[in-house]
Amino acid sequence: MIATDIRSGVEQLGEMIAEADIIVPFTGAGISTECGIPDFRSPGGLWTRNRPIPFDEFVASREARDESWRRRFAMEATFSAAAPGRGHRALATLYRAGKVPAIITQNIDNLHQASGFADDHVIELHGNTTYARCIGCGLTYDLGWVKQRFEASGQAPDCATCDEPVKTATISFGQAMPEDAMRRATELAQQCSLFLAIGSSLVVWPAAGFPLMAKNAGARLVIINNEPTEQDEMADLVIRHDIGDTLGSFVGN
């Protein structure tokens, strides 16, 4: 069912939230756009300006690694200035109230943690861009360490322990999905009574399979996104309005 207007949509959403025992939010880039972080596919999005660098290209090419880090540091001011928006704060309110055990996200911006979610309760399907990790031994690095060496040499640094490339702790195209995150997301989707897909185009797989998984397991499905998705027909409620406006009334004090 597609909400005819935002008011009726918010009312129906409120009723569903009140009736649900376990709510699992699933968020995409759309929840962070009001925080100043551009999404990927929309006009003016990151991928319309720069072609994504696949994982195998990152591994094989020093030039690709240098370009990847150049792009990341070009976005540093944007990521550093971003604070949780109304959508993040509303979900954190439900989390503090005990309605939400954990959140599944495609986002890499750390804003759910900043809104009040414990690190262990944020299931990051596509990783996190606020720190780095060696792709060989898995050692983690502060971005300041990477930036200092990148600016000093003009080249992306390698791991100080095993000499393998250091990459943002994100999942690139062609890179294996994190097994633990996928397992935990699967368990959450199969156990919840209400699944909220928020700000995701639902076209990136396997992540896009979780709303359908929840629906098939008996949960009610709500999709909140400005644009239509291929899963709208499956949803119990579709709200095609601004995420901050839609969720703003659920933000606690």
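The shown structure was predicted, so the numbers you read here are calculated from the model rather than taken from an experiment.
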- Which is it for His88 and Ile31 under the side-chain contact (heavy atoms from CB on, under 4.5 Å) test, yes or no, and what are the steps along the way? CA-CA 7 Å; His88 300 93; Ile31 198 172; 3.7 Å; yes
- Item | Residue pair Glu179, Arg183: steps toward the salt bridge (charged side-chain N to carboxylate O under 4.0 Å, His left out) verdict | CA-CA 6 Å; Glu179 292 183 7; Arg183 176 188 58 79; over 6 Å; no
- Query: Yes or no on side-chain contact (heavy atoms from CB on, under 4.5 Å) for Asp109 and Thr130, after CA distance, side-chain angles and deciding distance?
  - Reply: CA-CA 7 Å; Asp109 52 34; Thr130 64; over 6 Å; no
- Would Arg62 and Asp158 count as a salt bridge (charged side-chain N to carboxylate O under 4.0 Å, His left out) if you check the C-alpha gap in whole Å, the side-chain angles of each, and the deciding distance to 0.1 Å? CA-CA 10 Å; Arg62 175 162 292 280; Asp158 294 327; 3.2 Å; yes
- Item | Verdict with supporting geometry, Ile171 and Leu125, side-chain contact (heavy atoms from CB on, under 4.5 Å) | CA-CA 8 Å; Ile171 305 299; Leu125 301 178; over 6 Å; no
- Assess whether side-chain contact (heavy atoms from CB on, under 4.5 Å) is satisfied between Asp242 and Ile6, documenting all intermediate values. CA-CA 9 Å; Asp242 180 83; Ile6 189 169; 5.8 Å; no
- Item | Residues Lys147, Glu76; criterion salt bridge (charged side-chain N to carboxylate O under 4.0 Å, His left out); working and verdict | CA-CA 10 Å; Lys147 187 174 184 180; Glu76 180 60 25; over 6 Å; no
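Across all their heavy atoms, Ala64 and Glu57 have their closest contact at CB-O, 3.5 Å. Shortest non-hydrogen contact noted between Cys192 and Ala219 is O-CB, 3.4 Å. Considering all non-hydrogen atoms of both residues, Glu34 and Gly87 come closest at OE2-N, 4.1 Å. Residues Gly85 and Cys35 come closest through the heavy atom pair N-SG, 3.3 Å. Residues Pro211 and Leu202 approach most closely at CG-CD2, 3.9 Å, considering heavy atoms.
Under the side chain to side chain donor-acceptor pair (under 3.5 Å) criterion, Asn110 pairs with Gln113, Asn128, sequence neighbours left out. Residues passing the salt bridge (charged side-chain N to carboxylate O under 4.0 Å, His left out) test with Arg240 are Asp232, sequence neighbours excluded.
To the nearest 0.5 Å, atom CD of residue Glu11 and atom OG of residue Ser249 are 10.0 Å apart. Ile123 contributes atom CD1, which lies 9.5 Å from atom CD of Glu187 (distance to the nearest 0.5 angstrom). Atom CG of residue Asn226 and atom OG of residue Ser201 lie 12.0 Å apart, to the nearest 0.5 angstrom. Between Asp56 atom CG and Ser61 atom OG the span is 10.5 Å, to the nearest 0.5 Å. Atoms CZ and CE, on Arg71 and Met75 in that order, are 11.5 Å from each other to the nearest 0.5 Å. Taking SG from Cys162 and CD1 from Ile135, the interatomic distance works out to 8.5 Å, rounded to the nearest 0.5 Å.
Note: the hydrophobic cluster containing Val222 also contains Phe250 (ILVMFWY, side chain heavy atoms under 4.5 Å, direct or indirect links). Criterion: ILVMFWY side-chain heavy atoms under 4.5 Å apart, direct or through other members. Under it, Phe210 and Ile224 are not part of a common hydrophobic cluster. Connection of Ile223 to Leu194 is not established within any shared hydrophobic cluster, with ILVMFWY side chains joined at heavy-atom distances below 4.5 Å, either directly or through further cluster members. Linking Ile, Leu, Val, Met, Phe, Trp and Tyr residues whenever their side-chain heavy atoms come within less than 4.5 Å leaves Ile17 and Val238 in two separate clusters.
Counting heavy atoms from C-beta outward, Ile37 and Asn107 have side chains that stay 4.5 Å or more apart. Val100 has its side chain out of reach of Leu196: every pair of non-hydrogen atoms, C-beta onward, lies at least 4.5 Å apart. Under the 4.5 Å side-chain criterion, counting only non-hydrogen atoms from C-beta, Lys167 is not in contact with Pro165. Phe26 has its side chain out of reach of Leu188: every pair of non-hydrogen atoms, C-beta onward, lies at least 4.5 Å apart. Side-chain atoms of Ser200 and Gln106, non-hydrogen and from C-beta on, do get closer than 4.5 Å to each other. In this structure, the side chains of Ile104 and Arg184 stay at 4.5 Å or more apart for every pair of heavy atoms. The shortest distance between side-chain heavy atoms of Met213 and Phe195 does not fall below 4.5 Å. The shortest side-chain heavy-atom distance between Ile243 and Thr27 does not fall under the 4.5 Å cut-off.
In this structure, Phe58 belongs to a hydrophobic cluster whose other members, linked by side-chain heavy atoms under 4.5 Å apart, are Ile53, Trp69, Phe73, Leu139, Tyr141, Leu143, Trp145, Val146, Phe150, Val166.
Counting only distance, with no hydrogens or angles, the side chain of Thr186 and the backbone of Met182 share a donor-acceptor pair below 3.5 Å. A donor-acceptor contact shorter than 3.5 Å is absent between the side chain of Glu67 and the backbone of Glu63. A side-chain donor-acceptor contact under 3.5 Å links Asp236 to the backbone of Leu221. Thr129 places no side-chain N or O within 3.5 Å of a backbone atom of Ile108 that could act as its donor or acceptor partner. A side-chain donor-acceptor contact under 3.5 Å links Lys99 to the backbone of Ala20. Listed for the Thr93 side chain is a donor-acceptor partner under 3.5 Å among the backbone atoms of Arg89. The closest donor-acceptor contact from the side chain of Ser115 to the backbone of His112 lies under 3.5 Å.
The residue from Ile239, Leu247, Asn225 that alone fulfils the side chain to side chain contact (heavy atoms under 4.5 Å, CB included) condition with Ile198 is Leu247.
Remark: the Lys215 side chain and the Gln231 side chain contain no N/O donor-acceptor pair separated by less than 3.5 Å.
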